[in-house]
Chemist: 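Shown below is the structure under consideration.
Naming: A, B, ... by sequence-line order, numbering from 1 per chain. When reading the values below, keep in mind they use all heavy atoms of this one structure, side chains included, and skip hydrogens, waters and symmetry mates.
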Amino acid sequence: MKLTRTQKLWMFEKMVESRHFENLIKPAYFEGKQPVFNMAKGPLPGEMHLSDGQEPCAVGVCAHLRPCDAVTATHRPHHIAIAKGVNLEAMASEIFGRANGLSGGRGGHMHLFDKDVNFCCSGIIAQGMGPAVGAAMAAKLRGKDDVAVAFIGEGAANQGAFHETLNLASVWNAPVVFVVEDNAYGISVSKRSATAIERNADRACAYGMPGIFVPGNDPDRVFEAARDAIARARSGQGPSLIEIETIRLEGHFMGDAESYRPEGEKDALLTRDPITLYRTRLENEGVTPSTLDVIEATAKDRITAAFAHARQSPAPSPEDAFTTVFA
Amino acid sequence: MEKKRKLTIAKAMSEAIALEMRTSPDVLVMGEDIAKMGGVFGNTQGLLDEFGPDRVRDTPISETAFIGTAVGMAAAGMKPVVELMFVDFFGVCMDAIYNLAAKQSYFSGGNVTCPMVLMTSVGGGYGDAGQHSQTLYATFGHLPGMKVVMPSNAYDAKGMLAAAINDPNPVIFMYHKALQGMGWLGTVQRSIVHVPEEHYTVPLDKAHIVREGQDITLVGLGHTVHLALDAAATLESQGIDAEVIDLRSIAPLDRDTILASVKKTGTLISVDDDYHSYGVGAEILASIAEQENLQLKAAPKRISYPDIPVPFAPEMEHHVLPNANKIVSAAQRILKVGEHV
Ligand SMILES: Cc1ncc(C[n+]2csc(CCOP(=O)(O)OP(=O)(O)O)c2C)c(N)n1
Ligand SMILES: [Mg+2]
C-alpha cells in the first residue's frame, strides 16, 4: 500500500496540532512562575516534557492504528496522544488539572489515560512496555487482530524491562511493535555515552524479531516502516522493533538550561524542524500553499479551542483526591 | 564571630562528597545526570570538574545494573555514593537494595560489609503527581540491614552525608525537594543555614531536639520539621509550649529521645508526609504505647499523608498534604484548648 496524499495531509495536520499544543503550553507554563521560576506555581505546576521535533515518530506510526489498537507512551506523551486521537479537550483539561480532565486532574501530563482510544502513558522509564505486550496478548487470546505499540525513548533501551519485554513478546509471538524515539539524549546523558552499540534496532536480532532503523526524522519513512511492522503484527507474525532517529527541540523538561549540549548543537537542530521540512516537501509535491494554510489554521483552531475549554473548566473538589483509589 | 557560610542542602551535600573524595580514593559517585549536569537536584555540582569522569560517572538508565554494581564495589571495599534522583523510581531496582545491599553483612556473618550510600529525593507539593512525589520512608525503614536518614537543614546534610559515606553499612540518604535549594523549586529558607567549611560528622542514629517545650512533643523529619516549627510558633501565641524533635533518622529510630520528651510533655503528635498506614508515625506511636508505666495526659496523634496516590491537581494535593495548620488544630484538639473542631 502506497502512501497517499490524504495520509500525508493527515500526518501534516496531526504534526501541526501537536506543535500548536506544545506552543500553547509554553506561555501557560510560565504564567505565575515569574519573576522567580518555581515549578510549583501557575496553572501548569510540575514537570513538563515537550515533544517539539519528535512529531514524525507519532504520526508515522499512529497513521496505521485504529482506536481499538493500544498505545503506551512515556513521560513525553503529547504528540503520541494527539496522533492516537486522544480527546483534545479532556487531555488539555487534564494537563491543567481540571475536574473534567481525562482522570479528573488526578494524573496530569505524565499520566494520560483515554480508554476510548486505548491510550496511556506513565513516568517511569520503560514502564509501558510490559502493558503493551499485555494489550497485544489480550487481543491475540481473544482472537482479535488488534495490535499494541509501545513508544519509548532511546534511553529506555538500557533499562532491564526493555530486554525482558522484547524477549517475552518474541517467545509469545505477541502482536506488538516497539518504537524507540532516538532523540540522542536521556536528560543530559548522550546516547553515545550510555549505549553500548550505535543502533538500538540492532538489538532486535538478539530477541528474534526484525529491527528497523529509520533515519532522518522523516514522517514518510516512519510511515513505511510502521506500515510493515504493524501489518506483520496484525497478521500474527509477531513483534518488531523500530528505532526512529529524531530530535528534541526543547529541553528535557521546561526550565532545563541544556548546558550539557555541545556548542552550536541546538542551533543546528532548529534548522531541521520536521514540520517546516514536511510542508516544503508537500508543496514540492504539488500541494498548494493555500491548502496547507487551511489545514494549519483549522488544526490550530482545534487546539486553541481545547485550551480555552480547559481554562474555563472547573477545578476538582479537594475531596475528589479520595475517590477512584479502588474500583 | 565566625563568618557565616549559608548554604543550601544541595551545596552542603556536594561539599561533603568532595571532602570525602579528597581524603579517600575509594569514594566515587555514580548515577543518572550526576556528572555533566551535577545532579537534577544539584547535589553533585562541581564534582566532575574536580575529580574527573573515572570517579564521577554518569550511568545509563540501568538502575538494576549500577546499583548492583555499587553493592559489588562496596563488597570490594570501595565507597560508592550512588544517586537515583526520585525515590519513586526504586521499584525497578529494589532487589539489589533490600536483598543484596541490606543483607550483605548478615549473609557473610559480618565478614563482608556494604559501605555504600544511595541518595534520592523525596516529597511532593509542586504538582509532579503520583510517580514523582512520594516519600516511601516506611518502605525503606521497614527493611532490616540499612540505615535510612534525611536532613532538615544544610548543616545536618553535610555532617550526615559525611557520616553516611564513612559508615560500613548501606545508607539510604533521602533529601526533601522542598528543602533542597534548587533554583526551580521553592525552598524553606530555614533549611539554608551556616555550614562550616571543615570536615565534621553528624551521627546517623540521634534525633535532635530543635525546640524545647513543656506541653506537647511534635516529631517531624525533613520538611515536616519545618511545619512543626511553624506550628510551634503559632501554638506559643496561644499559650502552648511545644517541643519539636527532628528525627534525622528513620532507621534506626531514636526511640530514647522521643520517649524522654514524651515523659516530659505528656503527649505527642508525629508529622510525616509518607502514606499513613504502617508508617513512621505508626512506629513512633507504637513505641510510646508499648512503654509500661507511661501515663499520657492526652491521646497521641499521627498527621501523615492519606493512603491514596499523590494527585496532580494542586486543589487536591494541597488538601491532603500535612501542613502547620493541621498540626495546630490537632494540638488544640488533643490538649482541649482553643477552638474545638
Ligand atoms: C526508572 C527511571 N529512572 C530514571 C528516571 C528519570 N528520567 C526521566 S526521563 C529520563 C530520560 C529518558 O530518556 P529517554 O528514554 O531517551 O526519553 P526522552 O526523555 O529522551 O524522551 C530519565 C532518566 C525515570 N523516570 N525512571
Ligand atoms: Mg531520549
Chemist: Is it true that R261(A) and D256(A) have a side-chain N and a carboxylate O under 4.0 angstrom from each other?
Modeler: no
Chemist: Side chain from CB out, backbone as N, CA, C, O: work out which of these in S317(A) comes under 4.5 Å of a heavy atom of chain B, or both, or neither.
Modeler: backbone
Chemist: Any Lys/Arg nitrogen of E181(A) or R76(A) sitting under 4.0 Å from an Asp/Glu carboxylate oxygen of the other?
Modeler: no
Chemist: A315(A), G97(A), A157(A), S188(A): which one forms the most heavy-atom pairs within less than 4.5 Å of chain B?
Modeler: S188(A)
Chemist: Give, as side chain, backbone, both or neither, the part of M39(A) having an atom under 4.5 angstrom from any heavy atom of chain B.
Modeler: both
Chemist: Using the ring of each side chain (for Trp, its six-membered ring), is W184(B) parallel, tilted or perpendicular to F253(A), with breaks at 30° and 60°?
Modeler: tilted
Chemist: Does any heavy atom of chain A fall under 4.5 Å from the side chain of S133(B), the backbone, both, or neither of them?
Modeler: neither
Chemist: Hey, which of D182(A), N200(A), N158(A) is the one that makes side-chain hydrogen bond (donor to acceptor under 3.5 Å, both in side chains) with T195(A)?
Modeler: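 Output: one option passes, namely N158(A).
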Chemist: Among K191(A), R106(A), H109(A), Q127(A), which has the most heavy-atom pairs under 4.5 Å with chain B?
Modeler: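 Among the listed options, the one with the most contacts to chain B is R106(A).
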Chemist: Using only atom types and a distance under 3.5 Å, with no angle test, would you say the side chain of D274(B) pairs donor to acceptor with the backbone of Y137(B)?
Modeler: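 A pair under 3.5 Å: yes.
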Chemist: Hey, which of D88(B), D58(B), I308(B), D33(B) has the most heavy atom pairs under 4.5 Å with chain A?
Modeler: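 With the most close heavy-atom pairs to chain A, the winner is D33(B).
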Chemist: Does any part of the side chain of I80(A), heavy atoms only, come nearer than 4.5 Å to the side chain of F119(A), both counted from C-beta?
Modeler: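 They are in side-chain contact.
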Chemist: Given a strict heavy-atom distance threshold of 4.5 Å, which part of F326(A) is in contact with chain B: side chain, backbone, both, or neither?
Modeler: neither
